[in-house]
Amino acid sequence: TQIFRSVVPISLCFSTQLVLSNYSYLYISIAYIQILKAFIPCINWSLSIAFGLANWEWRIPSALAIITCGIVLATGGERNFSLLGFGLQL
């Protein structure tokens, strides 16, 4: 009932994320996966702003821009880039 409605959606999202993340190991290197995991704070903050869970502060996007630039540079240097693996990891 109440527990079912609150726990099951979170559990399904978590298990789906876990399966897709593990599936991405078939397409991209472990080192590149670790680089992409550094991008998660950018995604979390953007979604928090989009859903009204966080307030806009100018210092946060400037810090996240540095992270994003580093990830773009690392992605450009990846020899075995796979768009499928990239999408599954994010």
Side-chain angles (χ1 to χ4, degrees):
T1 56
Q2 178 62 26
I3 292 176
F4 183 77
R5 284 186 286 168
S6 61
V7 173
V8 170
I10 294 171
S11 300
L12 287 175
C13 287
F14 179 73
S15 61
T16 301
Q17 181 270 333
L18 188 62
V19 168
L20 293 177
S21 180
N22 285 340
Y23 194 59
S24 70
Y25 281 90
L26 297 173
Y27 298 100
I28 54 180
S29 68
I30 294 172
Y32 188 59
I33 287 173
Q34 294 303 314
I35 291 169
L36 289 178
K37 285 184 180 182
F39 192 61
I40 291 174
C42 299
I43 295 170
N44 287 342
W45 184 77
S46 300
L47 290 174
S48 296
I49 292 294
F51 289 110
L53 301 174
N55 295 326
W56 180 272
E57 297 179 29
W58 282 104
R59 62 184 178 86
I60 295 174
S62 60
L64 294 177
I66 295 170
I67 294 172
T68 303
C69 288
I71 291 169
V72 167
L73 290 172
T75 300
E78 179 66 22
R79 288 185 289 179
N80 299 321
F81 179 76
S82 166
L83 188 58
L84 178 61
F86 180 82
L88 289 172
Q89 184 58 38
L90 291 182

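Here the structure is a predicted model, which means the values were calculated and not measured.
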Considering all heavy atoms, the nearest [X]-[Y] contact:
X: Gly85; Y: Ser24; result: O-CB, 3.6 Å
X: Thr68; Y: Cys42; result: OG1-SG, 3.7 Å
X: Ser21; Y: Tyr25; result: O-CD1, 3.4 Å

Which pairs would a plain distance check flag for residues 10-19, meaning a side-chain donor or acceptor within less than 3.5 Å of a matching protein atom at least two apart in sequence or in another chain?
unit_1, atom_1, unit_2, atom_2, d
Ser11, OG, Val7, O, 2.9
Ser15, OG, Ser11, O, 3.1
Ser15, OG, Leu12, O, 3.1
Thr16, OG1, Leu12, O, 2.8

Determine all donor-acceptor pairs shorter than 3.5 Å in which one atom belongs to a side chain in residues 27-37; sequence neighbours excluded.
unit_1, atom_1, unit_2, atom_2, d
Tyr27, OH, Tyr23, OH, 3.4
Ser29, OG, Tyr32, N, 3.2
Tyr32, OH, Thr75, OG1, 3.0

| said: If I take atom OG from residue Ser48 and atom CD1 from residue Ile43, how far apart are they, to the nearest 0.5 angstrom? | reply: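 Output value for this atom pair is 11.5 Å.
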| Which distance, rounded to the nearest 0.5 Å, do you find between the CD1 of Ile49 and the CG of Asn44? |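 Reported to 0.5 Å precision, the distance equals 12.0 Å.
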May I ask whether [X] and [Y] are part of the same hydrophobic cluster, defined by side-chain heavy atoms of I, L, V, M, F, W, Y residues being less than 4.5 angstrom apart, directly or through others?
X: Leu26; Y: Leu20; result: yes
X: Trp45; Y: Ile40; result: no
X: Ile60; Y: Phe51; result: yes

